[in-house]
Visitor: 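Structure incoming, see below.
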Amino acid sequence: MSHERIYIYKRYERFWHWSQALLIICMMITGFEIHGVYSLLGFERAVHWHSTFAWILFTLWVFTLFWQITTGEWRQYRPSLKNVDSMVWYYAVGIFTHSPNPFRKTATQKHNPLQRLAYLVVLVFMLPLIWITGVLYLFYGDWGQLGIAQFLSLKWVAILHLFAAYLIATFFFVHVYLTTAGHTVFAHIKGMITGWEEDETKVAAAPKAP
């Protein structure tokens, strides 16, 4: 039986989503090597590639911010507390009891209220922390010329940068896990590849085969 499909994700949206995911994975691999978790590329090469990936990601975000503003897609991330309790219940209990998703995804409402709050935390806390500490870390040799060496500690900059990295890594893996929470394991992933998703409310209401 065919189900109603909705075009959710635009072409650029899919491009920057997968590009961002790849860059974050590369930064996690090189970043944790820099902090001595394992040895793969060697410290100097890991630092070089980590910095390179960071600047590429920063450039991608600049273009994406411009795209979000010019297309009005930034409105997708406006936080809302409406029905947050329903989404908390769904993620905590409903997924495991095969209850229907209380949120209906559309082209103008792609993120449920809980996702919007999560993205808000990422945008106002995690990203500023990772970028500010990362830039300070990268330009440590210039602290004296900038007159900030007496106010900062390299140890604490490194600790805060690693803390932010763990937060983003946690968000990343939770995000990947929740992509499997559709009516099929790969439904959301397929949607981010093709741009089209099936209407889960229609899928849930469809009669089951005997």
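As the structure is a computational prediction, the values presented were derived from the model and not from experiment.
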Visitor: So how far is it from Ile148 CD1 to Asp142 CG, rounded to the nearest 0.5 Å?
Guide: 9.0 Å
Visitor: Are side-chain heavy atoms of Phe43 and Ile34 found at a separation under 4.5 Å?
Guide: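 The answer is yes, as the side chains (C-beta and beyond) meet within the 4.5 Å cut-off.
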Visitor: State whether a side-chain donor-acceptor pair under 3.5 Å links Thr133 with His161.
Guide: yes
Visitor: Leu162 and Phe32: side-chain contact (heavy atoms from CB on, under 4.5 Å), yes or no, with the steps?
Guide: CA-CA 8 Å; Leu162 185 61; Phe32 288 124; 4.0 Å; yes
Visitor: Got a second to check how far Ile159's CD1 is from Ser153's OG, nearest 0.5 Å?
Guide: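 Here the rounded value is 7.5 Å.
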Visitor: Any side-chain heavy-atom pair from His188 and Thr180 closer than 4.5 angstrom?
Guide: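 SC-SC contact between His188 and Thr180 ruled out.
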Visitor: Are Phe171 and Leu167 close enough, and set up right, to give a side-chain contact (heavy atoms from CB on, under 4.5 Å), and what steps lead you there?
Guide: CA-CA 6 Å; Phe171 176 85; Leu167 290 178; over 6 Å; no
Visitor: Under 6.0 Å from the ring centre and within 45 degrees of the ring axis: does the NZ or CZ of Arg14 meet both conditions for the six-membered ring of Trp16?
Guide: no
Visitor: Would you say Glu73's side chain and Gln68's backbone share a donor-acceptor pair under 3.5 angstrom?
Guide: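 It does not hold such a pair.
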Visitor: Hydrophobic clusters here meaning ILVMFWY residues chained together by side-chain heavy-atom distances under 4.5 Å, can you tell me if Tyr140 and Leu138 are in one?
Guide: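 Different clusters.
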Visitor: Can you find a side-chain donor-acceptor pair between Tyr12 and Thr64 that sits under 3.5 Å?
Guide: yes
Visitor: Measure across Ser86 and Pro102 and return the closest heavy-atom pair with its distance rounded to 0.1 Å.
Guide: O-CG, 3.9 Å
Visitor: Calculate, to the nearest 0.5 Å, the distance between atoms CG and CG belonging to Leu178 and Leu114 respectively.
Guide: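 Reported to 0.5 Å precision, the distance equals 8.5 Å.
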Visitor: Would you confirm whether Lys105, through its side chain, and Ile8, through its main-chain N or O, come within 3.5 Å as a donor-acceptor pair?
Guide: no
Visitor: Please round to the nearest 0.5 Å and tell me the distance separating atom CD1 of Ile168 and atom CE of Met126.
Guide: 7.0 Å
Visitor: Assigning hydrophobic clusters by single linkage (Ile, Leu, Val, Met, Phe, Trp, Tyr; side-chain heavy-atom cutoff under 4.5 Å), is Leu117 placed with Val88?
Guide: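 Yes, because Leu117 and Val88 connect within a single hydrophobic cluster, where side-chain heavy atoms sit under 4.5 Å apart.
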Visitor: Kindly work out whether a path of hydrophobic side-chain contacts (I/L/V/M/F/W/Y, heavy atoms less than 4.5 Å apart) joins Leu65 to Tyr119.
Guide: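 In one cluster with Leu65: Tyr119, no.
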Visitor: Do Phe163 and Val135 sit in the same hydrophobic cluster, where Ile, Leu, Val, Met, Phe, Trp and Tyr count as joined when their side-chain heavy atoms come under 4.5 Å apart?
Guide: yes
Visitor: Would you call Leu60 and Phe15 a side-chain contact if the rule is heavy atoms closer than 4.5 Å?
Guide: yes
Visitor: Could you measure the distance from the NZ atom of Lys110 to the CD1 atom of Ile6? Nearest 0.5 Å is fine.
Guide: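 Going from NZ on Lys110 over to CD1 on Ile6, the span is 12.0 Å.
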Visitor: Nearest heavy-atom pair of Pro113 and Ser80: which atoms, and what distance?
Guide: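 Where Pro113 meets Ser80 most closely, the heavy atoms are CB-O, 3.6 Å.
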Visitor: Would Leu57 end up clustered with Val62 when hydrophobic side chains under 4.5 Å apart are linked, directly or stepwise?
Guide: yes
Visitor: Tell me, do Tyr166 and Met28 make a side-chain contact under 4.5 Å, heavy atoms counted?
Guide: no
Visitor: For the rings on Phe58 and Trp131, is their centre-to-centre separation under 6.0 Å?
Guide: yes
Visitor: Determine whether the aromatic ring centres of Trp49 and Phe53 lie less than 6.0 Å apart.
Guide: yes
Visitor: Do Tyr90 and Asn83 have side chains that get closer than 4.5 Å, going by heavy atoms?
Guide: no
Visitor: In this structure, are over 12 heavy atoms from other groups packed under 6.0 Å from Lys190 atom NZ?
Guide: no
Visitor: Given side chains that start at C-beta, do those of Thr179 and Phe186 come closer than 4.5 Å, heavy atoms only?
Guide: no
Visitor: Would you say Ile130 and Leu160 make side-chain contact, with heavy atoms under 4.5 Å?
Guide: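 Ile130 does not reach Leu160 side chain to side chain.
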Visitor: Apply side-chain hydrogen bond (donor to acceptor under 3.5 Å, both in side chains) to the pair Trp67 and Glu13, showing each step before the final yes or no.
Guide: CA-CA 9 Å; Trp67 179 82; Glu13 195 168 13; over 6 Å; no
Visitor: Testing the basics here: between Ser99 and Thr97, what is the closest heavy-atom pair and its distance to 0.1 Å?
Guide: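 Nearest heavy atoms, Ser99 then Thr97: OG-OG1, 2.9 Å.
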Visitor: Distance from Thr71 atom OG1 to Gln76 atom CD, nearest 0.5 Å?
Guide: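 Reported to 0.5 Å precision, the distance equals 9.0 Å.
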Visitor: Do the side-chain N and O atoms of Gln150 and Trp143 include a donor-acceptor pair separated by under 3.5 angstrom?
Guide: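 No - no donor-acceptor pair under 3.5 Å links their side chains.
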Visitor: Strictly distance-based, threshold 3.5 Å: is any side-chain N or O of Glu33 a donor or acceptor partner for the main-chain N or O of Leu41?
Guide: yes
Visitor: Say whether Asn112 and Tyr91, considering side chains only, have a donor N or O and an acceptor N or O under 3.5 Å apart.
Guide: yes
Visitor: Flag the pair His17 / Tyr9 as yes when their ring centroid distance falls below 6.0 Å, and as no otherwise.
Guide: no
Visitor: Are side-chain heavy atoms of Ile29 and Tyr38 found at a separation under 4.5 Å?
Guide: yes
Visitor: Show the nearest heavy-atom pair for residues Thr194 and Tyr7, with the distance to one decimal.
Guide: O-CE1, 4.2 Å
Visitor: Using the side chain to side chain contact (heavy atoms under 4.5 Å, CB included) criterion, which residues pair with Gln109? Sequence neighbours excluded.
Guide: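 Gln109: side chain to side chain contact (heavy atoms under 4.5 Å, CB included) contacts with Phe103, Thr106, Arg116.
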Visitor: Check Arg5 with Glu197, please: is the shortest side-chain N to carboxylate O separation under 4.0 Å?
Guide: no
